[in-house]
Structures are given as structure tokens and as C-alpha cells.
Trainee: 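My questions all concern the structure below.
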Amino acid sequence: MGFADQRFNVNLSILFTELPLLERPAAAAAAGFTAVELWWPWVDSPTPERSEIDALRKAIETAGVRLTGLNFYAGRLPGPDRGALSVPGEESERFRANIEVAAGLAESLGCGALNALYGNRVDGVDPAEQDALALENLVLAARAADRIGAMLLIEALNRPESPLYPLVSAPAAVDVADRVNAATGLGNAKFLMDLYHLSMNGEDLPAVIERFAARTGHVQIADNPGRGAPGTGSLPLEDLLDRLRKAGYDGWVGLEYKPGDRPSAESFAWLPAEARAAR
């Protein structure tokens, strides 16, 4: 086993960002990849103009790559925000306005996974109030995802980089997915296992894999420290991905790392060219 036995996609919101958004799908294809994922590309707008959505769809289709993952609107990301769905007021409303827009784009491209970042804690707001709002919005998102045959992903981030984000462990994120599934009866809320974030939290990664592989809908990787490409840090990513495969996970592995001070296309030397196209 090893890297060559995985199904990788490239996150175009952190890789190839030296290029305009509409040029990134073709750049990923030129590097040998056949699948990509995205954070919500329009950080200032949950409901961009139809022409902007159509242009992105055309760029993905023309490049001949598949969109396998898409975030719902999450506020300023990268930036100070970590989602919108648990933030009362305008941000919650923006998330709700985005649900059908994101689901529509995902459906048009055959994308089967929609990631909903939970949002930061807000000073002066009862956490229980935020959690109740989050569940309401996640139920709406899960139902929209189900209508297009997609999963709803719940992600744990890391406390050092996201100190106001409440889901900073694998059990915390899985618990939220359980609550959503109990509320909808659909069973399509899954855990997004980001090995970089979990390692930053100091979690026992082999134990997390053993416990939660069956509950995992998507995996993302970056090395630690530095959030760079595999081999730039000390995480045994090849071994961890092998453990996931042996535990039954056969889904996508998103490359969500920083390329460093080089063009993104030069950051894939760790992965043989013949292993980049999805099999």
C-alpha cells in the first residue's frame, strides 16, 4: 500500500492560489489530477451572480476534472471566520441563503460532499443558543445535501489556530454529526477527518482512525508542523492513510496543504505522476 493506493483530490482554495480561480482547475489537470475540491469561493457573497457560478462550473468542466467536495458559505476563509451557521443574526441568514446555491452548484457537477464549518463562539452569546441554531441550520443543510445525493461533512479544526471554534476534537465533530442524523433520520452527516488539524490538537491519530474510520465521509491531509506537503514535517501520513484503508475507508483524500514559497505544481514531487489521477 502507500500513497499510490489512495484517491487524491486537490483543494483549489489553498493550492494553485497563485492563479486566478478560473485557471486553477486546468492547472490541477495539467499536474495530473482528475479531482478537485473547494472552499466556498466567494467569501463576501453566499449568493453570487449566476454568471460567476456558471463561469466556475464551465472552468471545471472544460478542465476535465471532477468536483468532489465543496464548502458551504463560511465567512472570511482564510481569515478570521470559521463558518457562519452557529453565528446568530446576519451570518446565520447568509448561511441559510447559501444552502440551495451551494447544493445547486454541487449537483450540477456531480459533487457528493458538502462541508459545513460550524462557526466561532461569539462573545456575549450563550453557547447553548449557538448550538441550537447550529443544529437547525445543519438539519437544513443535511436535507439539501440528501436531495442531491450528497453527504454533509462536519469538520474538527485545531485549537491553536482556531481558538474560538468549538469543534476541536474528533469526538466533538462526530457528536454533532450524530445529533444531525438523529434530527433528520437521513444518516448522511459524516465526519471530515483532517489529519493535520487533529495532529495539532495532539490527538492519538491511530486511535482516532480505529474509532471513527467507519463514520468518516472525507479525509484531508497536510504535514505538521507547517501545514506543508507530505514529507515537509513529521507526520507519518503514508502510514496513517494505510491505516485508514485497512479500517475500511475508501473515499477521497483531499490535499489541503500550503505549497510554500514555490509554485503549487512543484509541491507534488512526493506523489508519482501516475498516482495523481483518480482510479
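Heavy-atom basis, side chains included; hydrogens, waters and symmetry copies ignored.
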Trainee: Quick one: does any side-chain atom of Asn9 pair with a main-chain N or O of Leu67 as donor and acceptor, under 3.5 Å?
Mentor: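 Between the backbone of Leu67 and the side chain of Asn9 there is no qualifying donor-acceptor contact (under 3.5 Å).
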
Trainee: Does one side chain, of Arg94 or Tyr73, offer a donor that lies under 3.5 Å from an acceptor on the other?
Mentor: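 Side chains of Arg94 and Tyr73: pair found under 3.5 Å.
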
Trainee: Whether the side chain of Asn11 engages the backbone of Glu256 through a donor-acceptor N/O pair (distance < 3.5 Å, no angle test) should be reported.
Mentor: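 No; judged by distance alone, with no hydrogens or angles, the pair does not exist.
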
Trainee: Nearest 0.5 angstrom please: Leu114 CG to His218 NE2, how far?
Mentor: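 Result: 11.5 Å between the selected atoms.
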
Trainee: Kindly write out the residues that satisfy side-chain hydrogen bond (donor to acceptor under 3.5 Å, both in side chains) with Ser267, not counting sequence neighbours, or none if the list is empty.
Mentor: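 Ser267: side-chain hydrogen bond (donor to acceptor under 3.5 Å, both in side chains) contacts with Tyr257.
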
Trainee: Could you tell me whether the side chain of Gln130 and the main chain of Asn120 form a donor-acceptor pair under 3.5 Å?
Mentor: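 The answer is yes, because a donor-acceptor pair under 3.5 Å joins these two groups.
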
Trainee: Would you confirm whether Thr68, through its side chain, and Val36, through its main-chain N or O, come within 3.5 Å as a donor-acceptor pair?
Mentor: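 Flag set: sc Thr68 to bb Val36 pair under 3.5 Å.
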
Trainee: If a pair satisfies side chain to side chain donor-acceptor pair (under 3.5 Å) and one of its residues is in residues 14-25, list it, with sequence neighbours excluded.
Mentor: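 Side chain to side chain donor-acceptor pair (under 3.5 Å) check on residues 14-25 returns Glu18-Ser264.
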
Trainee: Tell me, do Leu15 and Phe33 make a side-chain contact under 4.5 Å, heavy atoms counted?
Mentor: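 With C-beta onward as the side chain, the pair stays apart.
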
Trainee: Do Arg245 and Asp250 come close enough that some side-chain heavy atom pair is under 4.5 Å?
Mentor: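 They are in side-chain contact.
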
Trainee: Sub-3.5 Å donor-acceptor pair from the side chain of Asn71 to the main-chain atoms of Trp39, do we have one?
Mentor: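 Not confirmed, Asn71 side chain does not pair with Trp39 backbone.
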
Trainee: Just by modelled atom types, is the Ser45 backbone N or O under 3.5 Å from a matching donor or acceptor in the Trp40 side chain?
Mentor: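 Looks like yes, one N/O pair under 3.5 Å.
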
Trainee: So, do Leu164 and Arg82 sit near enough that their side-chain heavy atoms are less than 4.5 Å apart?
Mentor: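 No. Closest side-chain heavy atoms not under 4.5 Å.
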
Trainee: Taking the side chain as every heavy atom from C-beta outward, state whether Glu238 and Trp270 have any pair of such atoms under 4.5 Å apart.
Mentor: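 They are not in side-chain contact.
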
Trainee: Tell me, do Val65 and Ile60 make a side-chain contact under 4.5 Å, heavy atoms counted?
Mentor: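 In short, these two side chains touch, coming nearer than 4.5 Å.
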
Trainee: Shortest non-hydrogen contact from Leu117 to Ala74?
Mentor: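 Nearest pair, atom of Leu117 first, then Ala74: CD1-CB, 4.0 Å.
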
Trainee: Taking atom types as modelled and ignoring hydrogens, do the side chains of Asn137 and Ser92 form a donor-acceptor contact shorter than 3.5 angstrom?
Mentor: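 Indeed, the side chains of Asn137 and Ser92 share at least one donor-acceptor pair under 3.5 Å.
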
Trainee: For residues Leu138 and Phe72, determine if any side-chain heavy atom of one lies less than 4.5 Å from a side-chain heavy atom of the other.
Mentor: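 A side-chain contact is absent here, since even the closest heavy-atom pair is not under 4.5 Å.
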
Trainee: Mind checking whether Leu56 and Leu38 have side chains closer than 4.5 Å, heavy atoms only?
Mentor: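 Yes, at least one pair of side-chain atoms sits under 4.5 Å.
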
Trainee: So does Met200 get a backbone contact from the side chain of Asn158, meaning a donor-acceptor N/O pair under 3.5 Å?
Mentor: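 Answer holds: no.
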
Trainee: So, Tyr165 side chain and Tyr118 main chain: donor-acceptor pair closer than 3.5 Å or not?
Mentor: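 Such a contact is found between Tyr165 side chain and Tyr118 backbone.
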
Trainee: What heavy-atom pair brings Val168 and Arg159 nearest, and what distance separates the two atoms?
Mentor: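 Val168 and Arg159 have their closest heavy atoms at CG2-NH2, 3.0 Å.
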
Trainee: Taking Tyr196's backbone N and O only, do any of them form a donor-acceptor pair with Arg227's side chain (distance below 3.5 Å, no angle check)?
Mentor: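 The answer is no, because no donor-acceptor pair under 3.5 Å joins these two groups.
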
